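Please read the structure below before turning to the comments.
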2 protein chains.
Amino acid sequence: MKSNEIKEAALKYFTIHGYEGASLSLIAEEVGMKKQSIYAHFKGKDDLFLQVLRDAKETELSSKLQYFSKIDSQNPKLDLYGFLQLVIDLFQKNEQLKFWLRMSFFPPAHLAKAIEKEVIDIEDKVQLILESKFQDWIDAKVILGDVSKTPTFAFLGVVDSILLELVYGNDEQRLKDKLEASWTVFWRGISHQ
Amino acid sequence: MKSNEIKEAALKYFTIHGYEGASLSLIAEEVGMKKQSIYAHFKGKDDLFLQVLRDAKETELSSKLQYFSKIDSQNPKLDLYGFLQLVIDLFQKNEQLKFWLRMSFFPPAHLAKAIEKEVIDIEDKVQLILESKFQDWIDAKVILGDVSKTPTFAFLGVVDSILLELVYGNDEQRLKDKLEASWTVFWRGISHQ
DNA sequence: ATATAACTGACGAACGTTCGTTAAATTCGA
DNA sequence: TCGAATTTAACGAACGTTCGTCAGTTATAT
C-alpha cells in the first residue's frame, strides 16, 4: 500500500521539521514519486497530516491501554516502573510518539484546535486509569496517601520528565541516570516508611 | 531602538510558529515596516533568529544564577520550591523561556548544532550549582542521600515536568495540582522520615 | 554658518526558488 | 479495455534575499 509509505515518510519529515518545515516534494521523493502523486492518496497536506496524527494517536493509546489491561498485579512498584519502560520502548521503537509529542506541545496554529482535542482525549483516559489503579493500591495500603490524585499527578510528572529527556535524546547514559533518580525519589515519596 | 522591536516581534512569531513557520513579512508588519527593512538591522533570518536565541539564553541563565546567588539559607525546602516558582514566573512573565524550550527540543535542522551548544551550556551550569547545593544539604544531614546526583536529577525532573505543563499551558488549575503533587512526593522522597 | 560628505533607516521593485494545489496526459495492471 | 496510479505541465502565492534609491540625520571641512 503506497498510502502507508507516504504516511511513513510524512511522519519522518513532520517529526524532524515540523508541519511548516516539511515539504511534500521531499516526502514524495522519499517514496520515489512526484509530489503531485500524493494527491491521488490524500486531499492535501492537512489531510495527510491529520491521518498521520490519528495513526500516531491510535498507536500510543492502544499500547498504553494494552499495558494497563495486562497488568493486574498488586505490585505497583513493578507495574509503574514497567509503564516507564513501556514509554521509553515506545519512543525508541517508532517515531510516532516523538511526532505526537511535538504536535501536542507545538501544533501548527491552524490545526491547534483539532490536535488539542485528540491530545486531551488520550490524557484523560490514561489519567483515569492511573487514578483508579492508585486508588486500589491506596485502599490495599500498599502505597501511601489518602487521595489518588497526588500520586497520579506525581507519576505523570515522572513520565513527562522522562519524555522530555527522550526528546532531547542525545545522551543514553543521562536518560538512565534521570530515570533511576526520578524513580527512586518518586517511589520513596509514595511508599510507606 | 528599532532592532529590539524587531527582535520582540520575531520572538513572538518564532515561539508560536517555529523557525520555518515564522515569516519576515509578518514580523516586519508587526513592527510597522517592510520586510526589506529588517536587512538594515540583521544580516538575514538566521542572524535575527540567533540574536533572539542568545537574548533568551541570557535572560534565562542570569535569572537562574541570580536566584542561586541570593539564596544561601540552609533551608532546601524553601530554596527548591522557590526555584520552581521562579521557573513558573519566568515562563509566564515573558515569552523567552517558551521560545527557548521550543528551540531546545525542536530546533530548525540547519541550526541544531549551534543551538545545542547553547542549551548544553546552560544545563551544565545549572546542574553543577544544584549538585553542589544538594551536596551541602546532604552533608548537613538536612536531606537524605549519600550522593548528590540522585536528588539533583530528580529535582531537574520535577522542573522539566512543570515546564512541560507550562508549555501545554491551557489549564491553570492543572498546573497547580501537578506542581503540588510532584513537589509533595519529591520532598517526601528526599527528606528524612 | 554654510556647503559638503558620510551614514542611517526605510522603501519599491525585482530576483530566483519553493510552496501547495489543480488539470490534463500518460502509463500500467486487472 | 477500463480505471486507477503516476506523470508532465502549469498555476498563483509566498518565501528569503539583493539592489538601487531616497529621505533624514550627523559629521566634517571650508
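Within every chain, numbering begins at 1; the chains are lettered A, B, ... in the order of the sequence lines, protein sequences first and strands thereafter. These figures come from a predicted structure and were not determined experimentally.
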In whole angstrom, give the distance that lies between atom [atom1] of [X] and atom [atom2] of [N].
| X | N | atom1 | atom2 | answer |
| --- | --- | --- | --- | --- |
| Phe49(A) | dT21(C) | CZ | P | 14 Å |
| His41(A) | dT7(D) | NE2 | C1' | 12 Å |
| His17(A) | dC19(C) | NE2 | P | 11 Å |
| Tyr39(B) | dT17(D) | OH | P | 3 Å |
| Met33(A) | dA4(D) | CE | C1' | 12 Å |
| Lys34(A) | dT18(C) | NZ | P | 14 Å |
| Met1(B) | dT8(C) | CE | C1' | 12 Å |
| Ile38(B) | dC11(C) | CD1 | P | 11 Å |

Once you apply a heavy-atom cut-off of 4.0 Å, does Ser23(B) come out as touching a base, just sugar-phosphate, or nothing?
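Counting heavy atoms under 4.0 Å across all strands, the contact made by Ser23(B) is with sugar-phosphate only.
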Base, sugar-phosphate or nothing for Ala22(A)? Non-hydrogen atoms, less than 4.0 Å.
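Counting heavy atoms under 4.0 Å across all strands, the contact made by Ala22(A) is with sugar-phosphate only.
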Report the residue (Lys35(A) or Lys35(B)) whose heavy-atom-nearest nucleotide on DNA chain C is the more 5′ of the two.
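That would be Lys35(B).
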I'd like to know whether the aromatic ring centres of Phe186(A) and Phe186(B) sit less than 6.0 Å apart in this structure.
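Between Phe186(A) and Phe186(B), the centre distance exceeds or equals 6.0 Å.
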Phe106(B)-Tyr168(A) aromatic ring centre distance below 6.0 Å
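Ring centres of Tyr168(A) and Phe106(B) not closer than 6.0 Å.
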Does a nitrogen or oxygen in the side chain of [X] sit under 4.0 Å from OP1 or OP2 of [N]?
| X | N | result |
| --- | --- | --- |
| Ser25(A) | dT18(C) | no |
| Ser37(B) | dC11(C) | yes |
| Lys2(A) | dT6(D) | yes |

Measure the acute angle between the ring planes of Phe155(B) and Phe83(B), then classify it against the limits of 30° and 60° as parallel, tilted or perpendicular.
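If you compare the ring of Phe155(B) with that of Phe83(B), the planes turn out tilted.
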Could you check Phe49(B) against Tyr13(B) for ring-ring contact (aromatic ring centres under 6.0 Å, His included), going step by step and ending with a plain yes or no?
CA-CA 11 Å; Phe49(B) 176 85; Tyr13(B) 277 87; over 10 Å; no
For Glu58(B), does the CD atom sit with more than 12 other heavy atoms under 6.0 Å from it, leaving out its own atoms?
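Not buried by this count: 12 neighbours or fewer within 6.0 Å.
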